[in-house]
There are 4 protein chains.
Amino acid sequence: MSGNSYGKLFTVTSFGESHGPAIGCIVDGCPPGLPLCEEDLQADLDRRKPGTSRHTTQRREADLVQILSGVFEGKTTGTPIALIIQNTDQRSKDYSKIMDRFRPGHADYTYTKKYGFRDYRGGGRSSARETAMRVAAGAIAKKYLKAQHNVEIRAYLSQLGPVCIEKLDWNQVEQNPFFCPDAEKVPELEQYMDALRKEGNSVGARINVVATNIPVGLGEPIFDRLDADIAHAMMSINAAKGVEIGAGFDCVDQKGTEHRDEMTPEGFLSNHAGGILGGISSGQDILASVAFKPTSSLRLLGRSVNLAGEPVEVITEGRHDPCVGIRATPIVEAMLALVLMDHLLRHRAQNGDVECATPDIPASP
Amino acid sequence: MSGNSYGKLFTVTSFGESHGPAIGCIVDGCPPGLPLCEEDLQADLDRRKPGTSRHTTQRREADLVQILSGVFEGKTTGTPIALIIQNTDQRSKDYSKIMDRFRPGHADYTYTKKYGFRDYRGGGRSSARETAMRVAAGAIAKKYLKAQHNVEIRAYLSQLGPVCIEKLDWNQVEQNPFFCPDAEKVPELEQYMDALRKEGNSVGARINVVATNIPVGLGEPIFDRLDADIAHAMMSINAAKGVEIGAGFDCVDQKGTEHRDEMTPEGFLSNHAGGILGGISSGQDILASVAFKPTSSLRLLGRSVNLAGEPVEVITEGRHDPCVGIRATPIVEAMLALVLMDHLLRHRAQNGDVECATPDIPASP
Amino acid sequence: MSGNSYGKLFTVTSFGESHGPAIGCIVDGCPPGLPLCEEDLQADLDRRKPGTSRHTTQRREADLVQILSGVFEGKTTGTPIALIIQNTDQRSKDYSKIMDRFRPGHADYTYTKKYGFRDYRGGGRSSARETAMRVAAGAIAKKYLKAQHNVEIRAYLSQLGPVCIEKLDWNQVEQNPFFCPDAEKVPELEQYMDALRKEGNSVGARINVVATNIPVGLGEPIFDRLDADIAHAMMSINAAKGVEIGAGFDCVDQKGTEHRDEMTPEGFLSNHAGGILGGISSGQDILASVAFKPTSSLRLLGRSVNLAGEPVEVITEGRHDPCVGIRATPIVEAMLALVLMDHLLRHRAQNGDVECATPDIPASP
Amino acid sequence: MSGNSYGKLFTVTSFGESHGPAIGCIVDGCPPGLPLCEEDLQADLDRRKPGTSRHTTQRREADLVQILSGVFEGKTTGTPIALIIQNTDQRSKDYSKIMDRFRPGHADYTYTKKYGFRDYRGGGRSSARETAMRVAAGAIAKKYLKAQHNVEIRAYLSQLGPVCIEKLDWNQVEQNPFFCPDAEKVPELEQYMDALRKEGNSVGARINVVATNIPVGLGEPIFDRLDADIAHAMMSINAAKGVEIGAGFDCVDQKGTEHRDEMTPEGFLSNHAGGILGGISSGQDILASVAFKPTSSLRLLGRSVNLAGEPVEVITEGRHDPCVGIRATPIVEAMLALVLMDHLLRHRAQNGDVECATPDIPASP
């Protein structure tokens, strides 16, 4: 109820601050019998890990995950899977410069007002460090979805500041530090990021995610529609400011004849809906897009106030991502996996096993 | 768990189909002592009601709400408030033309696959008729928020198809059938809608919502951030395809120096965050925007399949909104009220009473 | 969260006061395709109905239930099933004698302190009238459990004041107004109750419940064990003061060799566990027992205080059950049905379909 | 949803198996600002710890708890408090004797049927080892309740096999290994337990719990009554088979005039209700009683079956409690603390701050 749990049947409950001894989570509701080991989780954690290129924060965390429970003889048992990552890079930093003041655009001010004290250590619970646990938990969901239904969930950078991606080549996504699917844009991205870093500024980004081989029927009418839960999950990622499903905001200017996805015996003729009709998956690919704001951790002075309400200037030294959207890519995938996994179990509870892509209505255009 | 409930502490559980005897909901968790009567709910219901102008569906429903419980001597008792609206306009329509086929862009197909049968009566549970109960329940939340904290929640049409609103004059919003805050755009909207109706087509829209006098500290870290819950709530409205908070997708192309809202002793200098930092309300106005798709209920032939998977053509006769976004305006307000009310109670449970706009950091720019 | 909902996947949310226009509930999570009509619910409602013999309250309520949603062409749709019962016997009673004072042993005092006002109309929300909705909702669960797994849930009076039942003959239970399975005890019960009524006093009772053909594996480890949820459900019934599973309090004085239920290839050799091991159903019959207190609505003067804290005497006139335990029988069955139904769906979500009585380990001794 | 979480607003989510690397839990919802350190939890853990006398299991676990998050500068932060205990005594035991067979009276059989595999390592998740985390989490609740409202929660052994306690002297409870409040009964208990141990048998017990200084108004009507939640919490403890509130099963044979607790301006005249009326705390002491079965881990041969369904004999060697009820004492206290803490927050959410013992109606007789 305090917001640290996600999911109703496949539940992730997370803990930990950026500067405490460890972060971790409990994944509850995983069906028994899924082969699982730490390597299954580490792969995605390494994709999110800081310090893998000059374009992300240079904070160095090994982010080695340990499974503490819920796996016996290499398979999940159906009982809670506890995951933990020790915090190894808690530099005994000098906080004296910021401990009495609020960094603009950060959660410093709101956390202080909500909880009545100032945890000045690098954001404490509000640090994006917690997203590591989302990735680890999401990897379990991904593995189950893939094993049971061949579901594939992949995200990519579709825009970074002014640079728009024009080509979607899945083979390229893991070949560059930007999760960029358009090889031709990579040099432009590198240039832009180098200049940005030199400037001490930051920039926003847009991440798209696609899930394929989705069973028909996932999503619960009215309040827990699949798209509503995706919006929730995506907007819960640090720095997210917008979410679209399918055509998204483009549909404001679409006519009905253009937007509606007509059907033929060979399948849908388009996918403006993003794979969801009436809040329920149609079997088409699920398409979503997320906007990430530019981080406010800048090496450029900003006006703010201190705890006494007096005007101060704030500068954020240290190691920060100039574009937090980049490393959000595996997080977006993880959150979509958590949503789908939860809905798979919810569907199964009430309706029994899901039906996969139907022969009469092929899933994709 | 089947998706018919919204909220964790202030909970709305909804029931009813468009063609059953009644729709209704149970509102649970309302604090005792709030003066409440049916008129309090009817005002917003009337704003959502079909048939109030030629630009919305001509289906005629009185939408008279009755309070069945939870109010004693004119005040809420703290026990569940049951609301009911009788369905008065269930025309014994001839469904023979569509009962064996899926309307493209509708939930017909996904509901049939999920539940294993075809409820052909105008959408059944997937009909937007259920949104009447959101509006009624939201009116209770609105009243409480206003009474306790002077919170004001108001939405307006900001774009309809190609017509963009340029001026925000709150006094205009209730003066035209479009909830348009820009009087000069009303004739253009009328023309556009008349042409659209004649054509038998539909169009999308964008609704913006603003909430003022928000207490600082609402929202729960990590998964139940205030913005995540707003995204969830908005995307759960029929036809919603996108949600933005504050700068939304514009921040993809913003730099950090531009986006971060600097603070001075006189208050924040901008509101790109949309009133939410780290998932917690800052006391600034909450700003959100929702994209609504064009309805797929068109008088223009569309290709589809029937229950046997054979190709058919479908046309939707009858009374439908050419722009469902218009009547979404009070629904958007209601959903934001439900989110805020729920978070107010959640905050109160753990942290005690909320702090209102603080003297040291004024809430608005 | 305000306590008006039961169940996590098969959820009942109830509303209504004893003296409002109606009581009702929403049953959410029922699988689609279950044949259901009002008669299915009415049978159990009639068993609980007041005024069927001189031994229960003479309040006359037809208790006719209406289904408002969730059923289409005679089958459940998978969407919420709303049930409503109009309150027909709201005598415009003279409350002046008790409206300023607390009836001892009633919820008057605690409700007033909790909610800050006094609803003096016959208990309001704390009236046992709400249990009608439990019976109606439970009847849906019963029907599903019977249809899918042949589960049978039956309760009976096992003790009333000093009168202990000695014989369990299921055929007798519905043949007398006490749900007494021992025909020879019926005259004794009648005499006892007649004397009690004349005296203006009340008495406690014990109700036993037995569920047969239980699938193996229902119940979730640690906090949501099947026995824990049964205890919760039973103790939530008005006037319940104790719950036992299997041997119950007798096991305080049992030795391990006596209590443990040994197993042979032909099945368990005893059932002290009451069909539940480690919180999970074993396939044996589920056995539980509930103690109901004597109602405090007496025609005999009791000392109390009024709203001003001054000493007063209170007498409860009107129509009350001298032994509320009697009519609790169908409620106990209903609550067990709700528990089992919920756990059936929970099991199915994580573990897939349940396994029924296994050939290798027969379920009963 | 898989049963590993307790509480709705003050939530404990537990993980870990008896033979994995660690057990632990996440406590979510604790208000910020509570002074908290590991010693606060260790005291109760030491009371539950095995091996403190010859009358409990000789398994030796240091049970040292570590706080991993949620505390900053000695105070709770309002974010999740993660607790962990390393498993230090995982003897590499020879399981070959029991790994293919079900111990009678244990969860072996039901877990195997539910999850589809046999975790033969000392019970795995079904081991009572998990109750250590209940005690640790309960200690946080206890501390908050004591600090805020001076609530005191204390349990004691009231019966062990045939030995009934006759005197309640709180000063004695911590002076003997039985949590026995009657000093004169201690020699009898020692003798009985020595004989039992020699015999290789086990016995049941009854634990009573008393909570004082309870605010008026805790508990939510209908399904989440305070007594229902206490019953749930108590019955979720390993080996619990019965729960009573106040007079409990004695009220089956009580008359209304005897049971109802009359009120005077000086307070209630008795407490048969156990401090709860209509499911809501009255301010009187809360009284509950729990029956614990004799453990089935015996050094006396029992009949059972193996995984192939063939008849086998089973003996449980190793270190087991001959009376698990004894060490249940701090667990019972912890569970009551969790229930009260959760309801305190729930009350606060809807009704604002609780009212403590009222001047007009003193809380105790």
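What's counted below: heavy atoms across the whole structure, side chains too, no hydrogens, waters or symmetry copies. Just so we're on the same page: letters track the sequence lines, and every chain starts at 1. Here the structure is a predicted model, which means the values were calculated and not measured.
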Backbone N or O of D:L345 within a donor-acceptor pair of the B:Q350 side chain at under 3.5 Å? no
Report, in residue-number order, which members of residues 25-34 of chain D are under 4.5 Å from chain B by heavy-atom distance. D:G29, D:C30, D:P31, D:P32
Identify, with sequence neighbours excluded, every residue that meets salt bridge (charged side-chain N to carboxylate O under 4.0 Å, His left out) alongside D:R125. none
Which residues from residues 6-17 of chain D are near chain B, with near meaning under 4.5 Å between non-hydrogen atoms? D:L9
Please name all residues satisfying side chain to side chain donor-acceptor pair (under 3.5 Å) with D:K146, sequence neighbours left out, ordered by chain then number. D:N150, D:E152
